[in-house]
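Every chain is numbered from 1 and lettered A, B, ... according to where its sequence line falls, protein lines coming before strand lines.
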There are 4 protein chains.
Amino acid sequence: MKRKIYHKSTFEKTSRERQIKVYWAAISVFSQKGYEAASVQDIAQKAGISVGSLYSYFSSKEDLFKAIAEMGYAVLEQIVTEWNPQKEDSFRSAMTTLFRMTLEYSRKYPDLSKLYLLLTTDSLNPFSEQLSKEMEISFRSAYAHLLENAREKGELRSDIDLEMAGYFIDNAAVMLQFSQTSKYYQNRLRQYLGLSEDEEMPDDRIVSALVNYICDGLTHEEK
Amino acid sequence: MKRKIYHKSTFEKTSRERQIKVYWAAISVFSQKGYEAASVQDIAQKAGISVGSLYSYFSSKEDLFKAIAEMGYAVLEQIVTEWNPQKEDSFRSAMTTLFRMTLEYSRKYPDLSKLYLLLTTDSLNPFSEQLSKEMEISFRSAYAHLLENAREKGELRSDIDLEMAGYFIDNAAVMLQFSQTSKYYQNRLRQYLGLSEDEEMPDDRIVSALVNYICDGLTHEEK
Amino acid sequence: MKRKIYHKSTFEKTSRERQIKVYWAAISVFSQKGYEAASVQDIAQKAGISVGSLYSYFSSKEDLFKAIAEMGYAVLEQIVTEWNPQKEDSFRSAMTTLFRMTLEYSRKYPDLSKLYLLLTTDSLNPFSEQLSKEMEISFRSAYAHLLENAREKGELRSDIDLEMAGYFIDNAAVMLQFSQTSKYYQNRLRQYLGLSEDEEMPDDRIVSALVNYICDGLTHEEK
Amino acid sequence: MKRKIYHKSTFEKTSRERQIKVYWAAISVFSQKGYEAASVQDIAQKAGISVGSLYSYFSSKEDLFKAIAEMGYAVLEQIVTEWNPQKEDSFRSAMTTLFRMTLEYSRKYPDLSKLYLLLTTDSLNPFSEQLSKEMEISFRSAYAHLLENAREKGELRSDIDLEMAGYFIDNAAVMLQFSQTSKYYQNRLRQYLGLSEDEEMPDDRIVSALVNYICDGLTHEEK
DNA sequence: AATGAATGAGCCTTCATTCAT
DNA sequence: AATGAATGAAGGCTCATTCAT
C-alpha cells in the first residue's frame with residue numbers, strides 16, 4: 001500500500017512536536033468544519049504557528065487536506081493489523097472483536113473518525129473521487145481471509161455469497177462507526193433504542209445484537 | 001410529524017412552478033457542491049430567477065438549505081408510505097421490497113439522495129445537529145410494525161432484540177443507498193464484488209444476498 | 001483595427017460617469033506604480049467604488065489592465081487621425097505638426113502617455129508580448145503615405161530607404177514623448193540643454209531642432 | 001563620477017566569485033521579471049546562496065536593486081570609454097562605430113540592456129526618480145566633444161544647435177538599443193522593415209540608414 | 001559568516017446580503 | 001414583487017525580512 005506524500009520536504013525537517021501540532025490542528029479543524037468551511041488561518045492558529053509556516057510545509061490547503069486524509073487511512077490500516085483474527089478463533093468471536101474495536105477506535109480518535117466520514121461522503125471535498133480510488137483499505141482482504149477460514153472450518157453456510165458477505169460485514173462496522181461519529185447517526189441509534197440524550201450507550205447490547213444478526217440472521221433457519 | 005417552515009410568507013404567494021424551480025435548483029446545487037461551496041448566485045441562476053427574489057423567499061442561505069432539507073425528509077416519508085408492507089406479506093418479501101425500493105429511489109432521485117448524505121454527515125453543513133434532532137423519520141415505526149407483525153406470525157426468532165433489529169435493517173438500507181450515491185461507497189462495493197468500473201451493478205445478486213444475510217445470518221443456526 | 005473587449009457586460013450597463021471614474025483611477029494607479037505594484041484595492045478606492053464592483057466589471061486585474069491598454073492605443077489612433085497631413089503641406093511642416101502634437105498629447109494625457117511607456121517596455125507587465133502583437137498602430141502607414149507623397153513631390157532625396165525613414169521619424173517622436181513622460185528622459189533632456197529643474201521646456205527650440213535634423217541632417221550635403 | 005555604495009561592508013569581504021554570482025543572479029532575475037515581480041528568494045537561489053546571506057550583503061531588496069543599477073551605469077561608462085572616437089576619424093565613421101557598438105552591446109549583455117530599460121522607465125521601479133538624478137552618464141560629454149571636434153573640422157553645418165544635436169544622436173542610439181531589447185520595439189522595427197518574425201535583422205542596412213539620416217537628413221539640402 | 005525556517009502584512013478574488021430602481 | 005448591481009468582510013496564498021542555530 002504505497003502512500004503518496006503530500007507535504008513539502010521542509011515539513012520533515014521540523015521538530016516532531018511541531019509536526020504533530022500541525023496534524024492535530026488540521027484534523028481537528030477539518031473534521032469539525034469540513035473542507036470548505038475550514039480556514040487555513042484557523043488551522044495555523046490552532047497549531048500555534050504562522051500561516052507562512054503552514055504553507056512552507058504544504059503547498060496548498062488541498063495538499064494539507066490530502067496529507068491528513070492519508071493519515072486517516074494509515075490509522076485504519078493499523079487497526080486491521082491490530083485486529084488480526086487468529087485461525088483458531090471462532091467466526092463469532094472475530095466479529096465480536098471487530099465491533100468492539102470499532103467502538104473503541106471511534107471513541108479514541110473521534111476526529112479521525114469524523115474525517116473518514118468526510119472522505120467517504122463526497123461533495124464535501126472536491127477530490128473525493130481521486131481519494132476514493134487511492135484508498136484500498138486492507139479490511140477487505142482481512143474479511144476475505146476470515147470468511148474463507150470460517151468456511152473451511154465449516155462455520156459458514158454453504159450457500160453464502162462470500163464477496164457480498166465481506167461487504168455486508170463492513171457495512172455493519174461502518175455504520176457502527178458512524179453512530180459514534182455523526183450526531184445524526186448517534187441520535188438515530190438512540191431513537192431506535194429508546195434512549196434519552198444523556199443515557200450512556202449500552203455497548204454490550206449493541207455489539208452482541210450485531211453479532212447475533214450477522215451470524216444467525218433475524219429469522220428461523222429455513223427447514 | 002410537524003415540519004418547520006423556513007421560507008418567508010412571500011414564497012407561498014409565488015406560482016407553484018416558480019417554487020418548484022427554486023427547490024429543484026437548490027437541491028441540485030447543494031447536493032453537487034455541498035453547503036459551503038454552493039453559491040446563492042448559482043442557485044438563483046439555475047432556477048432562472050434573480051438573487052433578490054431568492055432573498056425575498058428565504059431570508060438566508062441557511063434557511064434555504066434547511067427548507068430543502070425538510071423537503072428531503074418529506075420525500076423519505078413518502079417512500080415509507082409507498083412501501084407500506086402488507087400484514088400478509090412475509091418478512092422476507094417485505095425486506096426484498098424495501099431494498100428494491102431503496103435502489104430505485106436512489107437512482108430516481110440522485111440529488112435528493114446525495115442531499116440526505118449531506119444532511120446526515122455533520123460538518124458537511126453547519127446545522128447538522130439541529131437538523132438531526134428535527135428528523136424523526138417514519139421508517140423507524142414502519143420497521144417496528146413490520147417486526148412486531150413478523151414476530152406475531154412466528155417468523156422471527158424469539159430471542160431477537162427488536163429495537164436493535166430495526167436499527168440493523170435501517171443500516172443495511174442506508175448503506176445500500178450510500179453505495180448508489182457516494183462515489184466512494186460505490187467503488188467500495190465494486191471492489192468487494194470484483195467489478196470493473198464500467199460493469200453494471202448486479203441488482204438481483206445484491207438484493208438477494210442482503211435479504212439472505214438479514215433473514216438467515218451467515219452461520220449455521222446453532223443446534 | 002479590431003479592439004478586443006476586456007470588460008464584462010456589466011460594465012456597459014453602469015453610468016458613463018462611473019465608467020470614467022474607473023478608467024481614470026486605473027490609468028492613474030497603473031501608470032504611477034506599474035502593473036505589479038498597483039493594487040486593485042487602490043484602484044477601487046481611487047475610483048470611489050468597492051472592490052466587488054470592480055470585479056463585477058472586470059474579471060481580473062489582468063483584464064482591467066488590458067482594457068486600459070486598449071484605451072491607450074485608442075487614444076494614439078485618434079491622434080494619427082487628427083494629425084492627418086494634407087497632400088499640399090510640405091514634408092517639413094508635416095514634421096513640425098507631428099512633433100508639436102506629440103508634445104501636446106504627452107502633456108494633456110500624462111498618465112496615458114506613461115501607460116504607453118509601460119506597455120512598450122516589457123517585463124513590467126506579464127503580457128507585454130501578447131499586447132505588442134495586438135498593437136498595430138496606424139502611425140506606420142501614416143508615415144508611409146507622407147513619405148511617398150513627399151517623394152513624388154520631389155521633396156526627398158532619391159537614395160532614401162523609405163521604410164527605415166518611417167522608423168526613424170517614429171523614433172524621434174517616441175523619444176520626444178518619453179522626454180515628457182519619464183522622469184529619467186526628462187532629466188536627460190534638461191542635462192543636454194543645460195537647463196535646471198525648474199526652467200520651462202523650450203518647446204520651439206526642441207521642435208525646430210528636431211525638424212532640422214530630420215530634414216537636413218547634421219552635416220553638409222556631400223558634393 | 002562618484003558612485004553611491006548600496007551594499008553592506010560584509011559584501012566586500014566575500015570572495016570575488018561569490019560577489020559575481022550575486023550580481024549575475026540579481027541582474028538576470030530583475031531584468032526578466034521587473035523589480036516588483038522579482039523575488040529575493042529567486043535571486044538567492046539563482047546565486048546559489050541563502051537568503052540570509054543575501055541580507056547580510058544588502059540590507060533590503062531596494063538596496064540590492066540600486067547596487068545592480070549602479071553596475072548597469074558602470075558598464076555604460078565602460079562602453080563610452082571603449083568607443084572613444086579619435087580626432088582624425090570623420091564624424092560619419094564615429095557615428096557608424098557608435099551604432100555598431102550599440103547593437104553589439106545590446107546583444108552581448110541582453111540582461112543589462114533590459115535593466116537599463118527598467119531603470120529609465122519610471123514606475124517600473126519605485127526609485128526611478130532618485131536613480132535618474134544620480135545617473136550622469138558620460139555619453140553626453142563624449143557627444144559634445146565629438147560634435148565640437150567635427151564643427152572645428154568643418155564637418156558640421158554652421159547653424160546646428162549643438163546641444164540638441166547630442167540629444168538627437170543619443171535618442172537614435174537609445175532607440176536602437178530598445179529595438180534589440182524590448183519585444184515591442186523589436187516587433188515594431190520588423191513591421192517597419194516588413195520582416196517576418198524569424199528573419200534575421202539586417203544590421204548593415206539599419207546602421208547605414210541611421211548614419212545617413214543623421215548626417216544628411218531626409219530632404220534635399222536647401223539651396 | 002552562513003543558513004533557511006518562521007513570521008505576518010498584504011494581495012487578489014469570492015460571495016452572502018442589501019437596496020435602489 | 002422582481003431585479004441585479006453594489007458592498008466589504010473574509011479566504012487562500014506570497015514574499016520581504018528576521019533570527020535561532
Side-chain angles (χ1 to χ4, degrees), chain A residues 8-15 18 36-45 48-64, chain B residues 8 10-11 13-15 18 36-45 48-64, chain C residues 8-15 18 36-45 48-64, chain D residues 8 10-11 13-15 18 36-45 48-64:
Chain A
K8 295 186 183 172
S9 61
T10 328
F11 190 51
E12 291 164 13
K13 294 178 199 148
T14 348
S15 68
R18 217 175 152 92
E36 297 288 350
S39 100
V40 174
Q41 298 259 5
D42 278 359
I43 296 174
Q45 199 162 50
I49 68 172
S50 69
V51 197
S53 283
L54 201 49
Y55 272 91
S56 78
Y57 299 148
F58 302 90
S59 40
S60 63
K61 185 186 179 184
E62 181 171 334
D63 273 11
L64 175 54
Chain B
K8 295 184 182 174
T10 335
F11 190 49
K13 294 179 200 146
T14 352
S15 69
R18 217 173 152 93
E36 297 290 346
S39 97
V40 174
Q41 298 264 1
D42 276 1
I43 295 174
Q45 196 162 52
I49 67 171
S50 69
V51 201
S53 286
L54 203 50
Y55 270 86
S56 78
Y57 300 148
F58 302 90
S59 43
S60 64
K61 186 185 180 184
E62 182 172 331
D63 273 10
L64 174 55
Chain C
K8 295 186 184 172
S9 61
T10 327
F11 190 51
E12 292 164 11
K13 294 178 202 149
T14 346
S15 68
R18 216 173 152 95
E36 298 288 348
S39 100
V40 173
Q41 298 259 5
D42 278 359
I43 296 174
Q45 199 161 52
I49 67 172
S50 70
V51 199
S53 283
L54 202 49
Y55 271 89
S56 79
Y57 299 147
F58 301 89
S59 41
S60 62
K61 185 186 179 183
E62 180 172 334
D63 272 11
L64 175 55
Chain D
K8 295 184 181 173
T10 335
F11 190 49
K13 295 178 198 146
T14 353
S15 70
R18 216 174 154 92
E36 297 290 346
S39 98
V40 174
Q41 298 265 0
D42 276 2
I43 295 173
Q45 197 162 53
I49 68 171
S50 69
V51 201
S53 285
L54 203 51
Y55 270 86
S56 80
Y57 300 148
F58 302 89
S59 43
S60 65
K61 186 184 178 183
E62 181 173 331
D63 274 10
L64 174 54

For this session: Might you point out which heavy atoms bring D:R18 and D:S53 nearest each other, and give the distance in Å?
Result: NH2-OG, 3.4 Å

Exercise. Going from OG on D:S39 to CD1 on D:I43, what distance comes out if it is rounded to the nearest 0.5 angstrom?
Worked result: 7.0 Å

Seminar exercise, completed: To the nearest 0.5 Å, atom NZ of D:K61 lies from atom CD of D:E36 at 5.5 Å

Seminar exercise, completed: Residues A:S56 and A:K8: closest non-hydrogen pair is O-CD, 3.4 Å

Exercise. In the 5'-to-3' direction, what one-character label does each nucleotide of nucleotides 9-19 of chain E receive under the scheme B = base within less than 4.0 Å of a protein heavy atom, S = sugar-phosphate only, - = no such atom?
Worked result: ---SBB-SBB-

For this session: Provide, to the nearest angstrom, the distance between the NZ atom belonging to A:K8 and the C1' atom belonging to F:dC13.
Result: 10 Å

Problem set entry | Distance in angstrom units between C:L54 CG and F:dT7 P, rounded | 11 Å

Exercise. For F:dG4, does either OP1 or OP2 sit under 4.0 Å from a side-chain N or O belonging to B:S50?
Worked result: no

For this session: Pick base, sugar-phosphate or nothing for B:Y57, based on heavy-atom distances below 4.0 Å to the nucleic acid.
Result: sugar-phosphate

For this session: Considering just the side-chain nitrogens and oxygens of C:K13, establish if one lies under 4.0 Å of OP1 or OP2 belonging to F:dG4.
Result: no

For this session: Please state how far atom CD1 in A:I43 lies from atom P in F:dG12, giving the value in whole angstrom units.
Result: 8 Å

Exercise. Counting only side-chain N and O atoms of C:R18, is one of them less than 4.0 Å from OP1 or OP2 of F:dA6?
Worked result: yes

For this session: Hunt down any stem DNA chain F takes part in, defined as 3 or more consecutive Watson-Crick or G-U pairs whose two distances are each under 3.5 Å.
Result: E:2-21 with F:2-21

Seminar exercise, completed: With sequence neighbours left out, the residues meeting ring pair (Phe, Tyr, Trp, His ring centres under 6.0 Å) with B:F11 are B:H7, B:Y23, B:Y57, B:F58

Seminar exercise, completed: CG of A:L54 to CD of A:Q41, rounded to nearest 0.5 Å, is 10.0 Å

For this session: Rounded off to whole Å, could you give me the CD-to-P distance for the B:Q45 and F:dA5 pair?
Result: 11 Å

